[in-house]
Amino acid sequence: RDCFRDFWFNFDAVMVVMIVFETWVMFLVMAMSAGGDGDGLSILRLVRLLRLCRIAKVSRVVLAMPELVVLINGLKMGCRAVSASLTLIGIIIYVFA
């Protein structure tokens, strides 16, 4: 009873409904409209943009755990170093191949 008063419960419930809608309903609509000329597909593409709201759920987790921000920043710095190394290795292989 009290769960429907909680904002985050309602937010999660909306996210689940959107995921189910996108996964099942949109698949059926796309499968049925595959034979048409595709004019109605622009509306369906607009509806698919609604799934970007799932990013808000990730931001809630990041705000709850600041340690996660430190880990993400470390991963970004590590990826930058690894990509620079792979680029140099690729250049060396290309030059001496």
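We number each residue from 1, following the sequence as shown.
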| query | In terms of ring plane angle, is the pair Phe7 and Phe11 parallel, tilted or perpendicular, where the classes change at 30° and 60°? | reply | parallel

| said: Is there a continuous path of hydrophobic side-chain contacts, each under 4.5 Å between heavy atoms, that joins Ile91 to Tyr94? | reply: no

| query | Which residue, Asn73, Ile72, Leu71, forms the side chain to side chain contact (heavy atoms under 4.5 Å, CB included) with Val69? | reply | Asn73

| remark: Distance col, row Leu88:CG vs Ile93:CD1, nearest 0.5 angstrom, shows 11.0 Å

| Phe96 with Ile89, same ILVMFWY side-chain cluster at under 4.5 Å | no

